[in-house]
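These numbers come from the heavy atoms of this one structure, side chains and all, not from hydrogens, waters or symmetry mates. Labels below follow one simple rule: chain letters A, B, ... track the order of the sequence lines, proteins then strands, and each chain is numbered from 1. These figures come from a predicted structure and were not determined experimentally.
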Amino acid sequence: MPLLSVRDLKTYFNVFMGTVKAVDGVSFDLERGKTLGIVGESGSGKTVSCLSLVKLIAMPPGEIVGGQALLDGEDLLTLSEKELRKVRGRKISMIFQEPMTALNPLFTVGDQIAETIRLHQKVNKKEAFEKAVEMLTAVSIPAPRNRALSYPHQLSGGMKQRAMIALAMSCHPQILIADEPSTALDVTVQAQILLLIDEFKKKYGTSVILVTHNMGVITSTADDVMVMYVGKMVERGNIYEVFNNPKHPYTVGLLECILKSTGGKHALKTMPGFIPNPINKPKGCAFNPRCSRRMSICMAEEPPVVEFGKHVAACWLYA
Amino acid sequence: MNKETTALEETKPIEAAVMRKRRESGFRVLFRNPLAILSFLYLAGMGLAAVAAPWVAPYGPNYMDIDARFTAPGFHHWLGTDHLGRDVLSRMIFGARTTMGVSLAVVMTSALAGTALGLISGFFRKADEIIMRITDLLMAFPPLIGGLAIMAFLGPSVKNVVLALWLVTVPRVARIVRGETLVLREMTFIKAAQMMKAGTGRIMFLHILPNIMSPLVVYFTLLFAGTIMAEAGLSFLGIGSPPEVPSWGLVLSEGRYYMRNAWWLTVMPGVAIFLAVLSCNLLGDGIRDVGDPRQYGKARK
Amino acid sequence: MLRFLTRRILTIIPLTLVMAIMMFFLMRLLPGDPASQLLGLEATPEEIHALKVEMRLDQPVYVQLITWLGGLATGDLGESFYHKMPISKILFNHLIPTLKLTLFSLFFAVIIGTCAGLVSAVKQNSLTDRILVVISTSFMAIPGMWLGLLLVLFFGVVLGWFPVAGYESFRDGGFGSFKYLVLPVLAMATAEIGILTKMVRARMLDVLHQDYVLTAKSKGLPFWKVIFKHAFKNTLITVVTLSGMMLAALMGGAVITENIFAIPGMGRLIVASIARRDYLVVQSAIMFITFLYLFLNFLVDVVYAFLDPRVSYGSLKS
Ligand SMILES: Nc1ncnc2c1ncn2[C@@H]1O[C@H](COP(=O)(O)OP(=O)(O)OP(=O)(O)O)[C@@H](O)[C@H]1O
Ligand SMILES: [Mg+2]
């Protein structure tokens, strides 16, 4: 049985201009000790999917319209706020894209980590602080005791992200959600951060959801991958299967992008066309205006989810 | 830590492309805001009445009808009369002339001078040093106290009120313009213009000025409100406009001794100041919202 | 921290000096000279000359300037023409009421404004929020002098709850002396409450959208702790910054309020002295109240530096 099993998750935002179906029927499984990569272009609903799991989206305008998120058989979406607080930080914790702003500028790094520890473990202030220093050591921050007493502005971007990982891992959660943890950092630091997350995964058996819009990042660390396009799951499966045998034209396009970009000259080839307006999505398959293999049915009806074993794709080509 | 900029935090300039897009639909947003429209109409009406005071006002501002002293608001005197039998409505309309005229003069002149000084300050190091020291000095006085100091030694006259309030507002405008200029100057599209060797003047007027205009206009409406208050305050203290020139503060000040019996002498000028200041603030808010992408109903991240 | 504070003090000193020089020359702007202004048209040349000597106006300008600056430094500001008393003593007598009025108003406005802004932001778009927005917008536009008069009329004259005017020192009246301050403080604080409510609301909404608030929530912190610990401390910094600006407004407002309520403070002293042409007092009092303002502002900065590690650890350029 998978650790986390999400079924048909729907999160909508009611804004002035209409309803944004940010996440519209997404399903996936996260296995124990494995990494699930979620890829998709900007605005495809990756962040909202993750935040919905522990109800951290802004409500209103956001609303979780339907679906299930079973963690060890318990549906997170039906939990009360009080019960959810026991899940957040203890069973599921998160790292965000912007390490610069993710830590509160007015409290020391050590305090912020210790706060989490005291929240979920029965320890006194001093023990919590010692544990915070331990965590900072574990993420290989030099002079951890001094850094624990530092304020966020005194740390570099990479160090802040390490501190964020220390914070997120401080209660040894079952699931770590890393939402583009390396995007805002420079290239050398990026690799270090991803490696660090991988280390923790192996050491504590933590399951990781790694959100990114860079396919390359996924290949080195993920076990499974889910591709999203404007709120929908497009393709999902084992990383090798998806990479070696992509089914959906969108996945094919994404992969072509990285293949070509590693090929040298055309460093940044992107797919033709634009991401549709999330309020006014195209009828049928949302990808149809950009699709090279479009059929008439693609413009009329939503594609079914076709299964190839554990590898699934939502496309009319295989129906 | 610059206090003036923190207060204006909500009106930081944003990138040029975004701004241009805003200008197109800006008026539409302003039109959706009935309060801002109403405020604008009120201020415009007040301004017109002030300009046309001699024709609009039923009596002369200083015409005394001793027999009709302390007449309550009624048919002949819509807003009643004061202790000398002067028509309150007429005095208020002529008062609008003084109060709004002074405020307009102060805001326009300090907007011009302050913007020029701020732009220069933002571009030339040496001038910046000097200008900033002078603004430091002028801003060391709490606004009303600074005005008071100048009025104390110059004597009450409309011209002096304008001068006093001008000296109070110019450094503040200059500070804000300088701050916005420095922020913008660092932004890529100005850097690009510099790289293409556009002259400093060209950058100032074609790149900086249009882009700081929208937060500035908001600031000017608020400044206008502040100046109305300050002018009324000085006149209330008897050191603003001289007794023969009616202004709202003066009418309020004269009426207060008869407050118990002739409430209208206190209520009317206060309401006039309140409405004028409120309208300016609401209009300012409306204009600010035009510069706020959230108002376009776009989903915000 | 210490370096930040020393730097702040070091900027105040030259500023005060230049201000003193400016005030000195401002006095020279008077048409004619202060002595003949004071005595009016009927005065004989001998009388005028005698007063000139008394006011040290017969000496060269630089001597007068040095005397004035030296006086400021030593506290000997000369004698008031009207009161026939050392000016420093007069200033001291008028200081406490102004200080009380200003600080109580500030305190009151900060408490009410911060709470209202906080509630408004946390309950954004609710009925409470809408009402608070309307109230704060209106409060901002109410002229303090007008409100003062209306308060006198209603609570003083009609209801008779509070004295319509006057002042009592704490030594004379004990806690009963506060009844004289209630209406003036209300008149002064109302506009500031409006401004603060609006600013705190805006800042708080801004802070609530910051990433670190999301981090705090994702840790499993309860709602109130996210609000009061993580979000509020960041908002508090804005409140402190605004306090400096509010002080400026309040000290100006005090001048008007003291005149409405006949409170013997600095503002009333200044306005009365202008009417009496007691220019030496005007000059010294304005100098003094401005210095007071700079000093209080310095205290505000100390609090700020205390709250924000980015200032106290010297990474934020001021
Ligand atoms: N608070 C909100 N209010 C309204 N709409 C929102 C809100 N948050 C997100 N959305 C909308 O939901 C959609 C999905 O956003 P999401 O942040 O999940 O994208 P993403 O895949 O994480 O993109 P990125 O790669 O840029 O982080 C977007 O269209 C966004 O505009
Ligand atoms: Mg995202």
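Within a 6.0 Å radius of CH2 in Trp166(B), other residues, nucleotides and ligands contribute 12 heavy atoms or fewer. Atom CZ of Arg133(B) sits in a crowded spot, with more than 12 heavy atoms from other residues, nucleotides or ligands closer than 6.0 Å. By the neighbour-count criterion of 12 heavy atoms within 6.0 Å, atom CZ of Phe274(B) is densely surrounded, having more than that number from other residues, nucleotides or ligands. Atom CZ of Phe220(B) has more than 12 neighbouring heavy atoms from other residues, nucleotides or ligands inside a 6.0 Å radius.
The candidate from Leu237(B), Leu234(B), Leu138(B), Ile273(B) with the greatest count of non-hydrogen atom pairs under 4.5 Å with chain C is Leu237(B). Among the candidates Ile150(B), Leu144(B), Leu275(B), the residue making the largest number of heavy-atom pairs closer than 4.5 Å to chain C is Leu144(B). Contact tally against chain B (heavy-atom pairs below 4.5 Å) for Ile260(C), Val152(C), Leu247(C): the top residue is Ile260(C). For the set Ile270(C), Leu150(C), Leu149(C), the count of heavy-atom pairs under 4.5 angstrom toward chain B peaks at Leu149(C). Chain C forms more heavy-atom pairs under 4.5 Å with one residue of Met259(B), Arg260(B), Met151(B), Arg256(B) than with any other, namely Met259(B).
Every residue meeting the ring pair (Phe, Tyr, Trp, His ring centres under 6.0 Å) condition with Phe155(C), not counting sequence neighbours, appears here in chain and number order: Trp161(C).
Shown here for Ser235(B) and Ser253(B), the closest heavy-atom pair between the two residues is O-CB, 4.3 Å. Residues Trp68(C) and Ala20(C) share a closest heavy-atom pair of NE1-O, 2.9 Å. When all heavy atoms of Glu258(C) and Gly267(C) are compared, the closest pair comes out as OE1-N, 2.7 Å.
Contact annotation for Ile195(C): neither backbone nor side-chain heavy atoms come within less than 4.5 Å of a heavy atom of chain B. Contact annotation for Val18(C): both backbone and side-chain heavy atoms come within less than 4.5 Å of a heavy atom of chain B. Contacts of Leu282(B) with chain C are made by side-chain atoms alone, with heavy-atom separations under 4.5 Å and no backbone atom involved. Within the 4.5 angstrom heavy-atom criterion, only side-chain atoms of Met23(C), from C-beta onward, approach chain B. Using a 4.5 Å cut-off between heavy atoms, Leu278(B) touches chain C through backbone and side chain atoms alike. In this structure, chain B has heavy atoms under 4.5 Å from both the backbone and the side chain of Val255(C). Interface remark: Leu294(C) contributes side-chain atoms only to the contact with chain B (heavy atom separation under 4.5 Å). Both the backbone and the side chain of Ser138(C) have a heavy atom closer than 4.5 Å to some heavy atom of chain B. For a residue to count as touching a neighbouring chain, one of its non-hydrogen atoms must lie under 4.5 Å from one of that chain's; by this rule Leu153(C) touches chain B with backbone and side chain alike. For chain C, the nearby parts of Asp136(B) are the backbone and the side chain; heavy atoms of each come within less than 4.5 Å.
In this structure, Ser157(B) OG and Leu163(B) CG are separated by 9.0 Å, a value rounded to the nearest 0.5 Å. Between Ser121(B) atom OG and Leu182(B) atom CG the span is 8.0 Å, to the nearest 0.5 Å. A distance of 10.5 Å separates CE in Met266(C) from OG1 in Thr102(C), rounded to the nearest 0.5 Å. Note that CG of Leu223(B) and OG of Ser110(B) are 5.5 Å apart. Values are rounded to the nearest 0.5 Å. Rounded to the nearest 0.5 angstrom, Leu101(C) CG and Met188(C) CE are separated by 4.5 Å.
Along residues 224-232 of chain B, the residues that come nearer than 4.5 angstrom to chain C, judged on non-hydrogen atoms, are Met229(B), Ala232(B) in order of number.
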